[in-house]
2 protein chains.
Amino acid sequence: MTDNSIHAIAMPLRGKGLGPAPDPAEDEHVGSYGWSILGGDISLPAAVLRDSALRHNLDWMRGFMDAYGVELAPHGKTTMSPELFAMQLEAGAWGITLATAPQVRDAYRHGVRRVLMANQLADRANMAIVSGLLADPDFEFCCLVDSAANAEALGAFFAGSGQRLRLLLEIGVAGGRTGVRDEAQVREVAAAVARWPQSLALVGVETYEGVLKDEAGIRALLRRTLATLKSLRAGGAFAEDRALLSGAGSAWYDVVAEEFAEVARDAGVRVLLRPGCYLTHDVGAYREADARIHASNPVARKMAEGLRPALQLWACVQSRPEPGRAIVGLGKRDAAFDAGLPVPALHYRAGDDAPRATPAHWQLGAMMDQHAFLQLQADDDLQVGDLLCFDISHPCLTFDKWRHLLRVDDAWRVTGVVRTCF
Amino acid sequence: MTDNSIHAIAMPLRGKGLGPAPDPAEDEHVGSYGWSILGGDISLPAAVLRDSALRHNLDWMRGFMDAYGVELAPHGKTTMSPELFAMQLEAGAWGITLATAPQVRDAYRHGVRRVLMANQLADRANMAIVSGLLADPDFEFCCLVDSAANAEALGAFFAGSGQRLRLLLEIGVAGGRTGVRDEAQVREVAAAVARWPQSLALVGVETYEGVLKDEAGIRALLRRTLATLKSLRAGGAFAEDRALLSGAGSAWYDVVAEEFAEVARDAGVRVLLRPGCYLTHDVGAYREADARIHASNPVARKMAEGLRPALQLWACVQSRPEPGRAIVGLGKRDAAFDAGLPVPALHYRAGDDAPRATPAHWQLGAMMDQHAFLQLQADDDLQVGDLLCFDISHPCLTFDKWRHLLRVDDAWRVTGVVRTCF
């Protein structure tokens, strides 16, 4: 049922991080313009995705999921890029996870036909957006519910539209985000959904373990989620033969796979894992998670290498006003800063054969909206006009600073472009 | 020379924060769709601009600048919105300040013909962008220079294109951002610019006092900037009869006006102030600045009222999983969080006559990418599906989360839309 022929909608390609081209540049031709980062063709700062790392990460995650017999519904809110959704679906993903109704609509517009909205649908205008998409019988959709009040509102709305909305009961923890806290809430929500048999269908159970930080607590939540699935299934609460069981952000998907493995090969259950950041990875929280996974998960341990950082930012040194300081044209308008500042990786000067690794003591001390403050030693050889490549932390809040990112080969030649729909 | 006929380029109006409309909705018709926030027409979260507050702020700043005889070149990086640029120019602004070459190009595309780029132009691709715009003889442009190395690179590049680039010498402070630190650097940069008389023209002096936090230090920097202007002028360093003198971010423009007032009525000097956040204001750092300005500046003291917050966010309560907690559909994807989280202002439930002010103890404790955690008391009357309106801190990092913002009247009916070009 899923149509994988994702298509970019023709739009002018404009703004930062592009090279010289006909106005407007056209997506499909970007790879033929001969743009090169090192050749100085691209207006900096620019966001780039390394083709080789994307391919590696796609293959890695497919291998991991296959080993557990679980399916991948990568969280698309990370990139909100139709071209990257297409790559993920082509690499075997079951569908795309999204966070909001407008995100779902954007993905649908670009050809995505199977969506898990890992969020509640609470306001009338967003219900109307989903209702509009459900008019397509080939569009497969479900979202979360965690309160009787929300179930009643959804039941009434979709009764009005003559449609049936598929729902996953969200399991949460005290002190956490959304999700029912206890058995009483489970029963209350399930009963509310059951009051609207024409317009609501309970089809599974979901949790987001990423609100917790300790493995023991995470495993306990996952076991409670699995137990709830079994109990609801035994009670005939599900409207479909195959129940959905979903968990996993980008940091603990290994533990979710381990805990849900028990039902992964059960024909009556479909296990969907939702990591989103694996595609581009980072050198912050997700590198840390990757190290933990490789140290502890038996499937990951057998794989030669972990995920690779695929998303990087190139920027230009614009000022060296003091011996120990360089000002770089890269700021909060270009990169996430909530989980660590960008990390210098490479230094390139026009005429060099290739970029060189930056010394470890080159570190950003601060960022403003459009500037970064790089700390150096007085005799370091860094000049105005030199280029720097940065790794990043937190892909989600870097992607949403860009309307397009350039795909590059390992020599930093531009091979294409991907768009975002934030 | 400035053409104020800013025009929106036809583009599909898609994504979050919109109501039901033909696909794509068209900008000029948005005000006629009858959309209403309180009527539940708009997909939440949504960013709104109150028309009455925008008008008030435009008038306020025009009155303030006129009182000092200085001119306004509002920093456009804040909003990057062609429609808001047009409102600023119609309200008397001399031109628009921008931070990067792609921003300048976007503003030019929408009709802006006078730009102060308050930044260095350091990489070749960005020089090429500016060179392309300079082909229009009606386009008036200048940017900053703070190093001989950058002056040499610019001189060579624009010699190659047969154009002459207008430059402001940037004055900075030790421990600050860009800008020359001392007299020796002033002389060095001025001499480098003078080596390229065909391709470079020094036309003034600039500083950004916002890197400092104490008034005494700011006044000292402004006096040094003014003294540098006088000294360069006396030495015949400027290429034009009327030298530009520019300063002021959004927090200290009053002090800049006071310090630069001495030359504001001098026919040989044009004083340009560059606040950007005054247009929408906020309830964070800029409200604090406004209080200081009203307490200390004689012109502001005479004005009845300060600036008003014009930019707000509406969102929907999606979960009340615990007595003291509500989860709201508003996150780091929607609002700035680097200078304080959004602040609840109004609460509305379908059927109410009007929104009510939220109790002071309703505060956000945290935000994730797509969710906010609202702290309440257990017996507070807040339900799933209720709407909340939030004030914000830091307009710049809120604007760049939205491709369009809705204009609204005081009854929260949508009167139009503005786009952003990030």
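Labels below follow one simple rule: chain letters A, B, ... track the order of the sequence lines, proteins then strands, and each chain is numbered from 1.
- Looking only at heavy-atom pairs under 4.5 Å with chain A, the residue among L18(B), V180(B), V384(B), D123(B) that has the most is D123(B).
- For residues 125-133 of chain B, heavy-atom neighbours of chain A at less than 4.5 Å comprise A125(B), N126(B), I129(B), sorted by residue number.
- When heavy atoms are compared at a cutoff of 4.5 Å, T178(B) approaches chain A by way of both its backbone and its side chain.
- Among residues two or more places apart in sequence or in another chain, the side chain to side chain donor-acceptor pair (under 3.5 Å) test is passed with E209(A) by none.
- For the options G176(A), A99(A), G19(A), G172(A), heavy-atom pairs under 4.5 Å to chain B are most numerous at G176(A).
- Ranking M80(A), R320(A), R177(A), R325(A) against chain B, the residue ahead of the rest is R177(A), based on heavy-atom pairs under 4.5 Å.
- Listed options N150(A), I42(A), N119(A), D41(A) were ranked by heavy-atom pairs under 4.5 angstrom with chain B; first place goes to N119(A).
- Heavy-atom pairs under 4.5 Å with chain B peak, among A101(A), S43(A), C316(A), at S43(A).
- Of the listed residues (L364(A), V317(A), I327(A)), just one forms a side chain to side chain contact (heavy atoms under 4.5 Å, CB included) with L374(A), and that residue is L364(A).
- W402(B) pairs by the ring-ring contact (aromatic ring centres under 6.0 Å, His included) definition with nothing, not counting sequence neighbours.
- Taking F157(A) as the reference, nothing meets the ring-ring contact (aromatic ring centres under 6.0 Å, His included) condition, with sequence neighbours excluded.
- With respect to chain A, the highest number of heavy-atom pairs below 4.5 Å among A149(B), A153(B), G40(B) belongs to G40(B).
- The greatest number of non-hydrogen atom pairs below 4.5 Å with chain B, out of D146(A), L44(A), D106(A), is found for L44(A).
- Salt bridge D386(A)/R349(A): present, at least one basic N to carboxylate O contact under 4.0 Å.
- Contact count versus chain B (heavy atoms, under 4.5 Å) is highest, among E170(A), Q383(A), R124(A), R105(A), for R124(A).
- The candidate from R181(B), Q120(B), K16(B), Q370(B) with the greatest count of non-hydrogen atom pairs under 4.5 Å with chain A is R181(B).
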